[in-house]
**Student:** 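Please find one structure pasted underneath; my questions will follow.
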2 protein chains.
Amino acid sequence: MEKRLFKDAIYTAIAGMTKAFSNANRLEILDLLANGEKTVEEIATQTSMSVANASQHLQILKNARLVGARRQGTFIYYALSGLKAYAAWKALRDMALELEPDVQRTLDQYRLETNSYPGCHFDEIYQEPAAQLLDVRPVEEFAAGHLSNALSIPIQELSERLGELPRHKTIIAYCRGPFCTYADEAVALLKANGYKALRLEESYLDINLNEDQWKN
Amino acid sequence: MEKRLFKDAIYTAIAGMTKAFSNANRLEILDLLANGEKTVEEIATQTSMSVANASQHLQILKNARLVGARRQGTFIYYALSGLKAYAAWKALRDMALELEPDVQRTLDQYRLETNSYPGCHFDEIYQEPAAQLLDVRPVEEFAAGHLSNALSIPIQELSERLGELPRHKTIIAYCRGPFCTYADEAVALLKANGYKALRLEESYLDINLNEDQWKN
DNA sequence: CAAATATTCAATAGAATTATTGAATACTAT
DNA sequence: ATAGTATTCAATAATTCTATTGAATATTTG
């Protein structure tokens, strides 16, 4: 194989995969699927897309091997292909947060408006006995994987279940990741009810990905 | 700011950056610039593109903040924006190697044809006293950063400078990364001249990125 | 088998991307 | 200033991407 052909083949193949990342709707789908498998309709609802459009984007992600599909009854569940796919999305996300000021600025502004600014990071709180981790995602996502010692109270039920939370601890709320708004809503609600509360910037997978980093 | 608008703003902004990755020519440019700054013409030559086309792609990379430009005399030198940008490219690359079989297959086939298969990894050789690291990139790239204890002999000069290499050690050749062919050429040449030689899969930046991993 | 539901497909129009060409710009050196 | 060189810009046509619409397919349930 000639050198030029070799390089073209390699870079073209990789670009084929990276193209799947180059669309806002698909990034949102990936971010969602990182927290557990979902049906087309759930994806469409969560992302405010039409079902047909979501399906089309899912085909693109599937052809790029970023997501896989599993049929159960009349439903088809889509899920992220693996940790490497999440790692790539996270690397792109972290890069954008550092290199594109608009991203960080928009994030900060939203946090300020929702009274969840500033957030905290896992390494600051994971050994803190006066902190209580709270997972506000739907129970299926909690079941698919969660931070150890976290309580699970989905955001919709939080206002009715405040009594389950320890009064004397700082509540560290987390959700699907930095661009999910559930934890912001939770922190706002908790603060309004007299709790000390902070938003965790990382998601379960973010921590899981760097497991080694926290291990010892 | 409304929740939907917030998410659209964030994901759209990140997709804007990731779009810059979604083209084979631009990936090749990024891979090249990771090894040190280059002029438009050098980039065009190395990647077999027209100068105008390379310039156009560089504008896209610059607008996406993935590369920066520095003027010196009549030349403009382009360089990667930072380690986060390289980390994103590496994450995409590693993902493709794992999830897209064609990429690994093409790579293996090329290595077999050029007699540089199989390669070795840094963690296998970095403490091996019977190994001699050899950097076959141009001297400017060596100067911009290289593995410690590596010898620098650009690939074009290698055949005339074989005498500088220790006969009794295994020569570990490396270059710009897994898709660069310099190290393959070097290994083929070294083997043809009776040396024991292996191709290192990682580049200098790959090792530098995971510095902590090798530190202790 | 028929009805109901989840998902995909096909067609379309509008928008964005790409490589090429040749002209325009910006800087240096004389 | 003028000439020379590096780089960018502008215009173009071919291709690809995107959201929408409505029809088609596949599976379960009755």
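Just so it is clear, the values below take in all heavy atoms, side chains as well, and ignore hydrogens, waters and symmetry mates.
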**Student:** List the steps and the verdict of side chain to side chain contact (heavy atoms under 4.5 Å, CB included) for I14(A) and F21(B).
**Tutor:** CA-CA 10 Å; I14(A) 301 182; F21(B) 280 99; over 6 Å; no
**Student:** Could you tell me whether a side-chain N or O of E201(A) sits under 3.5 Å from a main-chain N or O of H121(A), the two making a donor and an acceptor?
**Tutor:**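 Judged by distance alone, no pair lies under 3.5 Å.
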**Student:** Sub-3.5 Å donor-acceptor pair from the side chain of S22(B) to the main-chain atoms of T18(A), do we have one?
**Tutor:**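 Side chain of S22(B) to backbone of T18(A): no pair is present.
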**Student:** Would you say N35(A)'s side chain and D31(A)'s backbone share a donor-acceptor pair under 3.5 angstrom?
**Tutor:**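 Between the backbone of D31(A) and the side chain of N35(A) there is a qualifying donor-acceptor contact (under 3.5 Å).
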**Student:** Which is more 5' along DNA chain D, the nucleotide nearest K62(B) or the one nearest S50(A)? Just name the residue.
**Tutor:**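 Here K62(B) is the residue nearer the 5' end.
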**Student:** Five pairs at each end of the helix from dC1(C)-dG30(D) to dT30(C)-dA1(D): take the axis at both ends and give me the angle between them to 10°.
**Tutor:**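 Between the first-five-pair axis and the last-five-pair axis there is 30°.
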**Student:** Would you check if the side chain of D206(A) reaches a backbone N or O of S203(A) as a donor-acceptor pair within less than 3.5 Å?
**Tutor:**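 Here the side-chain-to-backbone pair exists.
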**Student:** Within the distance-only criterion (no hydrogens, no angle test), does the side chain of S55(A) pair as donor or acceptor with the backbone N or O of V51(A) below 3.5 angstrom?
**Tutor:**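 Answer holds: no.
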**Student:** Check whether the ring centres of Y204(A) and Y174(A) lie less than 6.0 Å apart, and answer yes or no.
**Tutor:**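 No, they do not, as the ring centres are separated by 6.0 Å or more.
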**Student:** Go through V187(A) and Y195(A) one step at a time and tell me if the side chain to side chain contact (heavy atoms under 4.5 Å, CB included) criterion holds.
**Tutor:** CA-CA 9 Å; V187(A) 167; Y195(A) 286 88; over 6 Å; no
**Student:** Taking all atoms of both residues into account, what is the closest heavy-atom pair of V139(A) and P154(A), and its distance?
**Tutor:**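 Nearest pair, atom of V139(A) first, then P154(A): CG1-CG, 3.8 Å.
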**Student:** How close do Q46(A) and E28(A) get, counting heavy atoms only, and between which atoms?
**Tutor:**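 Closest heavy-atom pair between Q46(A) and E28(A): O-OE2, 4.0 Å.
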**Student:** Output the rounded distance in Å from CG (D8(B)) to C1' (dA19(D)).
**Tutor:**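 Whole-Å distance recorded here is 14 Å.
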**Student:** I'd like to know if the side chain of Y110(A) and the backbone of D184(A) have a donor-acceptor N/O pair within less than 3.5 Å.
**Tutor:**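 No, Y110(A) side chain to D184(A) backbone: no donor-acceptor pair under 3.5 Å.
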**Student:** Begin with the C-alpha distance, continue with both residues' side-chain angles, and end with the deciding distance and a verdict on side chain to side chain contact (heavy atoms under 4.5 Å, CB included) for D108(B) and Y117(B).
**Tutor:** CA-CA 7 Å; D108(B) 289 344; Y117(B) 185 89; 3.6 Å; yes
**Student:** Can you work out whether A52(A) or K38(B) has the more 5'-proximal nearest nucleotide on DNA chain D?
**Tutor:**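 That would be K38(B).
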**Student:** Quick check for you: to the nearest 0.5 Å, what is the distance between L134(B) atom CG and R161(B) atom CZ?
**Tutor:**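 Going from CG on L134(B) over to CZ on R161(B), the span is 9.5 Å.
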**Student:** Using a cut-off of under 3.5 Å, enumerate the N/O to N/O pairs linking the protein to nucleotides 13-18 of chain D.
**Tutor:**
from	atom 1	to	atom 2	distance (Å)
dT18(D)	OP1	N23(A)	ND2	3.0
dT18(D)	OP2	R26(A)	NH1	3.1
dT18(D)	OP2	R26(A)	NH2	3.4

**Student:** Is the backbone of I171(A) close enough, under 3.5 Å, to the side chain of Q132(A) for a donor and an acceptor to pair up by distance?
**Tutor:**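 Checking the backbone N and O of I171(A) against the side chain of Q132(A), no donor-acceptor pair under 3.5 Å is found.
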**Student:** Of the non-hydrogen atoms in A150(B) and F142(B), which two are nearest, and what is the gap between them?
**Tutor:**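 Heavy atoms only, the tightest pair is O-CZ, 3.7 Å.
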**Student:** In residues 40-49 of chain B, which residues come under 4.0 Å of DNA chain D by heavy atom?
**Tutor:**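 Within this stretch, V40(B), E41(B) sit under 4.0 Å of the strand.
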**Student:** Students should find this one: the first and last nucleotides of DNA chain C, 5' to 3', lying under 4.0 Å from a heavy atom of chain A. What are they?
**Tutor:**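 Listing 5' to 3', DNA chain C meets chain A from dA6(C) to dC9(C).
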**Student:** So which of residues 27-36 of chain A are in contact with DNA chain C, with a heavy-atom cut-off of under 4.0 Å?
**Tutor:**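 Going residue by residue through residues 27-36 of chain A, none turns out to have a heavy atom under 4.0 Å of DNA chain C.
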**Student:** Check step by step if side chain to side chain contact (heavy atoms under 4.5 Å, CB included) holds for S48(B) and R4(A).
**Tutor:** CA-CA 8 Å; S48(B) 314; R4(A) 187 71 248 153; 3.0 Å; yes
**Student:** Minimum heavy-atom separation for V103(B) and A13(A), please, with both atom names.
**Tutor:**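 Here V103(B) and A13(A) meet closest at CG2-CB, 3.7 Å.
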**Student:** Nearest 0.5 Å please: distance from the CD atom of E42(A) over to the CG atom of L33(A).
**Tutor:**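 The distance works out to 10.0 Å.
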**Student:** Going by number, which of residues 67-80 of chain A have a non-hydrogen atom under 4.0 Å from DNA chain D?
**Tutor:**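 Nucleic-acid contacts, sorted: R71(A), G73(A), T74(A).
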